Amino acid sequence: MKFYLKLGLILLAFCIVATALLAYVNSITKPKIAAIKIKEAELAREELIPNSAFEEVTVKTGKDSIVYYVARDKATKELKGYTFTAAKIGYSSNVKTMAAMDKDFRILGIKVVEQAETPGLGANCTDSTFTKKFRGLTPDQLMVDKDGGKIQSMTGATITTRAVTNSLREQIALVKKDVEAKLAALPAQEVTP
Amino acid sequence: MSFMKELTKGLIKENPTFVIVLGMCPTLATSTSVNNAIGMGMAATFVLVCSNIMISLIKNVTPDKIRIPVYVVVIAAFVSIVDMMMAAYVPDLHKSLGLFIPLIVVNCIILGRAEAYANKNNVLNSLADGIGMGAGFTLALTVVATFREILGNGTWAGLRIMPQTYDPMLMALLAPGAFITLGTLMATINLLKEKK
Amino acid sequence: MTLNMILVTLTASLTSQISVPVIILGAMGLVFGLILAFAAKVFAVQIDPRVEQIIGALPGANCGACGKAGCAGYADSIVHSGVEVNLCAPGGAAAASAIARIMGKESGSVTKKVAVIHCSSGGHNNTTWKYAYQGIESCVSAVNIAGGPNACSYGCIGYNDCQKACPFDAISIDANGMRCIDLEKCTGCGSCVRACPRKLIDLVPLNRNVYIKCSSQDKGPLAKQVCGSTLPCIGCGICSRKCPVQAITITNNLAAIDYAKCINCGLCATACPTGAILDLLCGTRKKAQMIDELCIGCTICAKNCPVEAISGEVKKVHKIDAEKCIGCGVCIEKCPKQAIKTAD
Amino acid sequence: MKDKYTVSPAPHLHDRTSIPNVMWNVVIALLPALAFAVYYWGWRSLWLTLIGVVAAVATEALIQYLRKVPVTVYDGSAVLTGMLLTYNISADSPWWLPIMGSVFAIAIGKQAFGGLGNNPVNPALLGRAFLLASWPSLMTGNCWIRTLPHKLSESSINGISNLSLIHANLQGVSAKAYDLVTSATPLKVAQTLRDSSFVNTITTDPATNLDISGKMFKSLFDMGTLRSLFWGNVGGCIGEVSVFALLLGAIYLLWKNIIEWRIPLFYIGTVFVLTFLFGGIEGAGPSILLPFFHIFSGGLMLGAFFMATDYTTSPLTKNGRIVFAIGCGVLTVVIRLVGGYPEGVSYSILFMNVMTPLIDKLTMPKAFGRVKK
Amino acid sequence: MGVLGQIFVMAIGAIFIQNFVLARFLGLCPYLGVSKRLDSAFGMGMAVIFVMTMASAITFLIYKYLLVRFDIVYLSTLAFILTIAALVQFVEMVILKNAPALYKALGVYLPLITTNCAVLGVAILNITPLADGSSYNFLFATLNGFLSGVGFTFVMLAMAGIRERLALVDMPKSMHGFASGMILAGIMALAFYGFMGLKI
Amino acid sequence: MRLKTFPGGVHPHDHKFYSASVPIEIQPLPARVIIPLSQHIGAPSAPIVKVGDEVLAGQKIAEAGGFVSIPQHASISGKVTKIDTFPHPSGIMATAIEITGDGKDTWVELVDDPNFLDLPTQEIKDRIAAAGICGMGGAGFPTSVKLSPPADKPIDTVILNGVECEPYLTSDHRLMLEHSEPIIHGLKILLKVLNARQGMIGIEANKPDAIALMKKLLASESNLSVVPLKLQYPQGAEKQLIYAATRRKVPAGGLPMAVGVVVQNVGTAFAIYEAVRYRKPLVERVIAVTGSVVAQPKNLKARIGTPFSELVAFCGGTSGEVGKIISGGPMMGFALPNLDAPVAKGSSGLVLLNVKEASSIAERNCLRCARCVDICPMNLLPSLIAQAVKGKDLDLALKCGLEDCMKCGSCAYVCPAHISLVQWIDTGKIRHAENLRAKK
Ligand SMILES: Cc1cc2nc3c(=O)[nH]c(=O)nc-3n(C[C@H](O)[C@@H](O)[C@H](O)COP(=O)(O)O)c2cc1C
Ligand SMILES: Cc1cc2nc3c(=O)[nH]c(=O)nc-3n(C[C@H](O)[C@H](O)[C@H](O)COP(=O)(O)O)c2cc1C
Ligand SMILES: Cc1cc2nc3c(=O)[nH]c(=O)nc-3n(C[C@H](O)[C@H](O)[C@H](O)COP(=O)(O)O)c2cc1C
Ligand SMILES: Cc1cc2nc3c(=O)[nH]c(=O)nc-3n(C[C@H](O)[C@H](O)[C@H](O)CO)c2cc1C
Ligand code: SF4
Ligand code: SF4
Ligand code: SF4
Ligand code: SF4
Ligand code: FES
């Protein structure tokens, strides 16, 4: 009996000490990590639509939900546009893109925030040379040239290009639907919410 | 004197990567760039040093039957600390090392040194061993990463080395390139040893 | 009071943040510890203590570098399948010697033996060839074709099967194509003995330095005719007669040394008319020197000297004829008064 | 009389074959394909081939020299590797591409394991896989076609010879889509047509959608296209396009008993059967011509006759060779129909090379008169 | 796509496309160390399959019902590795006692597995959201463990086959041991690239 | 009609033109003969004469050394001058009895039983045993042993091996042409002894004259037939011949009697006939002396023990530089260091090759071209066996068929890498035998 207890207790002791230590470290780093996450997102949004305040909108669509932010000028509170993140599977990873559009749903800018595509090929999607191509496009132009759209695909990385482009187009459609639905529901004088 | 010896043996003579051939997974996965390599090396070294010290301290109170679980808990604790700290303070590096930070726990080098060395030696020597092995690991990682980054991206630690016209050999950054680079390095080391 | 307040709130928040995980992980630890303890008791199995010992001597990295399934697997293979002890890369030489100690307890006291090749031909220019052999360069294979390419059907073929078989790289090939055994590296494992199809190799105690370098059972004239090195044993028996301790016998036209008797004197080597006996110590033996003060004239040395180099009358100081002395050391061993030493 | 006779083990007779004899014969068998390449793409394909061969031979000689083993480049195996590697890249590649490939193929693929006969996988294909992983844009880009037009008439480009006819019938097919179809290899077109998003961009009407893609797909395997494929009037790598030239070489090798029928037959047969069963798309049902499209296009002929048959990397046992060939066939079809690449010959052979030792193990023949336990 | 279809896709993915060893860089030490002979590769493979399946199931439950519930996911690493270490040791003891024959074939490989990062790797991957944002349920996590183990075994066997063949020929001395193992792994990884982008 | 054959095999040029049309000549009596005590498979014979004894031709000079053994007889009359080691036609040195002839060739008394077929079976067997007959087709298995199969293995077929698939050799061919009747009598004796129901003579298609002649002679015999066979080496190997003629597969490691067959060489049949009818011991045989550097290639009827040098001398010596001396055929024969060895009961040929034919190419790595695998008549993996032996992995070698190899040499013949496959396999067999011995 003593033997069992001894082993159990020793392991218990180590676990307790280790856990306590971790819990403590966690208590310190957790807020920091959370803050970094938020800050990152904010920075990204800020970069896409400068000088704006963002307001989060969550919409339930069936089982899932989409989240987007409505951007208003910090000073004038004027509606500047929307930002959102879109994701789709590319060549070898999930490609996550943050995008901003103006109130007419034209792309203001995009930023690929998460991807693990092939370095030198798909991974080039984070380059500004690539992201610049999206500026000013309307949702129906958001298509790879091979599919009849306006986006010229990166050399050797059509799949990644498609992932970015198509995810944006689809997400815009969802956001647009929601925004338009909301607008339609609003009384006329509040056209600019 | 022995301390110095323990400290330096991990660099060349008992290099954990090239000679003992342990901890291959992080070596290959994180040597795509010199920055990653150094980050991984530092993280592993930290864990290695801490766990070596800790284990040489507790070696006498752990019964044999639960030795491995106890060591593993100790190591896991340090790894988790590194993980959280890195997420909080060097988020970019944390992101690019990804899954491989928690996997330091099972990095064969760490448990290997715990069992092979710290388990049997005093704290001071274990410290030296930890530092030495960690440095050796970091060194090896950096060497591998140097080749891979230069070939695959034309840069070294982010600095452009190859001319702009260089069309990088992407494979160096991919899985096969990792294996082949390390394999070629090992063969070269064997060749040099043979010559001697 | 304020301090107290802070402390209380702090502990409260800390406990809520820390106590839950601690309890859960602690419980896990406890449970696993109990399970393992329980398992250790219930599923206890007796294993060879040497396996445990070897596991202890191994680094425990479980790296698989030895090609076995982890350190325990390797330890098991050493004990049960006689696998070599030096395969652990992380453990290196230290582990190897520790394991050797664990494994070699019984055989530790045996004197070290080394391999000796009993043939003086087999090189590029000291072998007589019977025909131009074309085929696999291996002694076993070659010996199977028309009895082997060398004229002496007992001699070394020279395709180095012994060298290829040596696991310790103890056999090297000199410029002449002859095999040289490094007595330092040779562990006496006997792999070469088994490899040689002519059975030319034999394990000899390390401290015996006189060897018959021939295995020919041909009669003298034939042996002389076929031996490429012109150093064949012709079975003349001179050595056997010269040997002060009767350590040499001749069977089938071939001399053989009984190392239980041999005293390393090297007399046989000087006597052999063909030079078939190799004396490693030749020329390095130090001659005997009488310490006149200690000699009591017992004549024991003179009686024992195989070359009659010692003379003297009873109770008189004896003299050693440096010319005749071959440095065999018999007298030194026999002298009851330690009155003889090796010259410096 | 000689003073010493030769004594050697039996047998004392030998067949005339030797390694150089075998290898140079394969080189000869590959020459018609080179001739066709020069005809279609100009001298550059010859230069590239020469560069690849010289690089391979030089690497082999250098390594053998450094290793202090006999230099055996005269045996032609390095020549073959260099040649086959270059046959697998586009005639438009930069000059250094075959060098990189050949050096890698010989150094890592062959000499690292001790040279001829020891390499675990086909060196030339390994070199190709290396190039594809290292410079995918050079290996997969649109450069495959650029060199073509000066030799070929507009209507026969890429073997989609009568696509223009269909084109006339297609309402709403954008010029863009047409361009795409005419600027790639046949397999790439097939892949594109299989990809629904492509068709969606042509028209929005789902009914016509099927119709259009089906019609275009069918044009891939009508007699006209097949004829182009047979003669090599299509885009592709240097050595792979002309089925005719490759068959000439293959017949030579079969006649010379250098390759054995099992691997090519079962490989091509498997591809034939599987593409017949699964090769169609919605709107273009099965046709006996469809499998012909598949066996005539891409590197299948080159692979089946010249690369899958590589002695060193294919199974020793007779049954093993059948398993190997069927494996190659299945994988080729899988990669072509659902894979990320339009073409799967090289990867399927490479993969089966890796499996070869296991196949050998599992298909150990039983000795004459021995009954399986 | 039915469940069976999903399982099929998972199997292809785990074995060919995202192979643990060749694409994810996990479990390399035993992959290189124990692949010199087919029989030991097979034993190791079986042991890994067994442990990975068990570990996937148990760690998934621990994660879901302890760590997530009490919001202490940061302890995953600690909890998982503790579980795995204890599990491996427990299983080893049980097999040693109750099935010595099985132990001979498989048990000896068990201790090697504690330090096989593939096991912890699969446990962590099981709780990591997939590319499309969804995550595994218990059944699929367990299956993922099993199939990843199968993928591991598959490449181990292929590797061992090649190395057994190479053991008979004379390779350059400098290539002996890990150097050739490493290059072979690279070659295999290249060969497996053909499956990349498989649309199934 | 498609000729019968077996799976696998090779087609070397047969080189039989040198001596195929040269009638058998009698080799002059040698001055001395060397009679090896081991001319057969099994225990060596035990000498029953001493140095100095006078012997007659045909006199027994050594007894069977065991059940599987044969007696030896003096092949000339004279005096026993030495019992010592002498060169043996297999290239090694082995114990032999040397008889120096008196030039008179006085024989022991012979009989003539014209009704030999009516002799009781046991008597026939005894005569065969007493005549010291062993297989003359190469293997040299004591014939009397072959003729006493265990009761549970009834024999229904006797096949005479007239295949002579080895290139160059023509002795069986000439024998079939010039002594066809005795051979057929020999076959009938065999059928009787074994109580078999059918007899066949297997002859390869490159001997059409022999096929025609035998067919003619056997036309009236309902149970005897000629089986023409496709030209393919090693058609003459027992198991392959049985398969070609009867489609029966001798089990691996088993003997032909397992499928109810006994195979004897045509020369053996001839010797059996002489032994049974005349009680004449086996003291001479036909041997082909041929090759590019033999001045006049011949088929010689020579006394056992005649040194090869005398045969060559009788053929007019050599006509060019000799590179290699082969005792037996070039596919399975032994290369000899010199011409000192004597004719033995199994010596079917002596082939002298010129220097160019004798030179060989250095061994390279195995290409894994699988030619050897494809042609191995035993369906083995020669290249893997060789590699396994080289790599010291005997278990693997055994798995690939080490024990089943009959050393026919086909694999080494086709290997483009010029690997001495047979020698490697042989080395493996030696090592395996050593291991087995060590285990005991
Ligand atoms: C090693 C390798 C990595 C690749 N990585 C990517 C990638 O990151 N993104 C991508 O879209 N395609 C990638 N591909 C796919 C090819 O580049 C190409 O086949 C793809 O089908 C699109 O080619 P295209 O853009 O030239 O039409 C990769 C291919 C290889 C061989
Ligand atoms: C990923 C990939 C992309 C390719 N892209 C093209 C292409 O865009 N245009 C073209 O003409 N050929 C292209 N090819 C080449 C041909 O399809 C050709 O079949 C290939 O070189 C031979 O394939 P294999 O050797 O892999 O079987 C591509 C090949 C691959 C592997
Ligand atoms: C490869 C090989 C080839 C053979 N060729 C012949 C042959 O051509 N003629 C022959 O009589 N025996 C040949 N033999 C010997 C036969 O297998 C068999 O031993 C013989 O025919 C039995 O008859 P015997 O006992 O009368 O010699 C050959 C054996 C082997 C292994
Ligand atoms: C029929 C045949 C096909 C061959 N195919 C190839 C090949 O596809 N790639 C290659 O590098 N070498 C090939 N070779 C050459 C040679 O076998 C190759 O270099 C070896 O694999 C190197 O060990 C071939 C040789 C022959 C006889
Ligand atoms: S094989 Fe053994 S006995 Fe022979 S030399 Fe080498 S170590 Fe000595
Ligand atoms: S094995 Fe024997 S015959 Fe061969 S080289 Fe060594 S000593 Fe000489
Ligand atoms: S392995 Fe043996 S039986 Fe087969 S071909 Fe070679 S020698 Fe003949
Ligand atoms: S014939 Fe020669 S090269 Fe070909 S597989 Fe056999 S041994 Fe190897
Ligand atoms: S580091 Fe992954 S198994 Fe060793």
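Proteins come first, then strands; the chains are lettered A, B, ... in the order of their sequence lines, and each starts at number 1. Everything numeric in this text was worked out from a predicted model, so none of it was measured. Basis for what follows: all heavy atoms, side chains included, without hydrogens, waters or symmetry-related copies.
- For a residue to count as touching a neighbouring chain, one of its non-hydrogen atoms must lie under 4.5 Å from one of that chain's; by this rule F/K407 does not touch chain D.
- Contact tally against chain D (heavy-atom pairs below 4.5 Å) for F/C372, F/P337, F/P12: the top residue is F/P337.
- Top candidate by heavy-atom pairs under 4.5 Å with chain D, chosen from F/V250, F/D374, F/I325, is F/D374.
- Looking at F/Y168, only its side chain comes within 4.5 Å of chain D, counting heavy atoms on both sides.
- The structure places NE2 of D/H12 at 8.5 Å from CZ of F/F334, a figure rounded to the nearest 0.5 Å.
- Heavy-atom neighbours of D/R16 CZ from other residues, nucleotides or ligands within 6.0 Å: at or below the threshold of 12.
- Residues D/R370 and F/P251 form no side-chain contact, since every pair of their non-hydrogen atoms from C-beta on lies 4.5 Å or further apart.
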Applying salt bridge (Lys or Arg N to Asp or Glu O under 4.0 Å), run through D/D360 and F/R368 and close with a yes or a no. CA-CA 11 Å; D/D360 267 340; F/R368 290 169 52 86; 3.1 Å; yes

Checking salt bridge (Lys or Arg N to Asp or Glu O under 4.0 Å) for the pair D/D15/F/R371: CA distance, chi angles, key distance, verdict? CA-CA 11 Å; D/D15 191 355; F/R371 277 177 168 69; 5.4 Å; no

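- In this structure, the portion of D/N257 lying under 4.5 Å from any heavy atom of chain F is its backbone and not its side chain.
- If you measure heavy-atom distances from F/S383 to chain D, the contacts under 4.5 Å come from the side chain alone.
- With a 4.5 Å cut-off on side-chain heavy atoms, F/L367 and D/L116 count as touching.
- Both cation-pi conditions hold for F/K249 and D/F368: the charged atom is under 6.0 angstrom from the six-membered ring centre and inside a 45 degree cone around its axis.
- Here the side chains of F/C369 and D/V22 are not in contact, with every heavy-atom distance at 4.5 Å or above.
- Ranked by heavy-atom pairs under 4.5 Å with chain D, the list F/L381, F/L380, F/N338 is led by F/L381.
- Residues D/A10 and F/G333 approach most closely at CB-O, 3.4 Å, considering heavy atoms.
- Considering only heavy atoms from C-beta on, F/S360 stays 4.5 Å or farther from D/H14 through its side chain.
- No other option in F/L336, F/I326, F/L353 has as many heavy-atom pairs under 4.5 Å with chain D as F/I326.
- The contact list for residues 102-113 of chain D toward chain F, using heavy atoms and a distance under 4.5 Å, is empty.
- Heavy-atom distances place the side chain of F/P167, and not its backbone, under 4.5 Å from chain D.
- The candidate with the highest count of non-hydrogen atom pairs below 4.5 Å against chain F, out of D/N118, D/N119, D/I259, is D/N118.
- Contact between F/K324 and D/T6 at its shortest, heavy atoms only, is CG-O, 3.2 Å.
- Using a 4.5 Å cut-off between heavy atoms, F/M331 touches chain D through backbone and side chain atoms alike.
- For the atom pair SG of F/C415 and CD1 of D/I19, the computed distance is 7.5 Å after rounding to the nearest 0.5 Å.
- Of the atoms belonging to D/P9, it is side-chain heavy atoms, and not backbone ones, that fall under 4.5 Å from chain F.
- Smallest separation of non-hydrogen atoms from D/P11 and F/A412: CD-CB, 3.5 Å.
- Contacts with chain F were tallied for D/N21, D/I258, D/D75; D/D75 has the most, counting heavy-atom pairs under 4.5 Å.
- No more than 12 heavy atoms of other residues, nucleotides or ligands lie within 6.0 Å of OH in D/Y65, so this atom counts as exposed by the packing criterion.
- Residues of residues 301-321 of chain D lying under 4.5 angstrom from chain F, judged on non-hydrogen atoms, are D/Y311, D/T312, D/S314, D/P315, D/L316, D/T317, D/K318, D/R321 in numerical order.
- Between atom OG of residue D/S18 and atom NE2 of residue F/H418 there is a gap of 5.0 Å, rounded to the nearest 0.5 Å.
- Chosen from F/A370, F/C376, F/P330, F/G253, the residue pairing most often with chain D at heavy-atom distances under 4.5 Å is F/P330.
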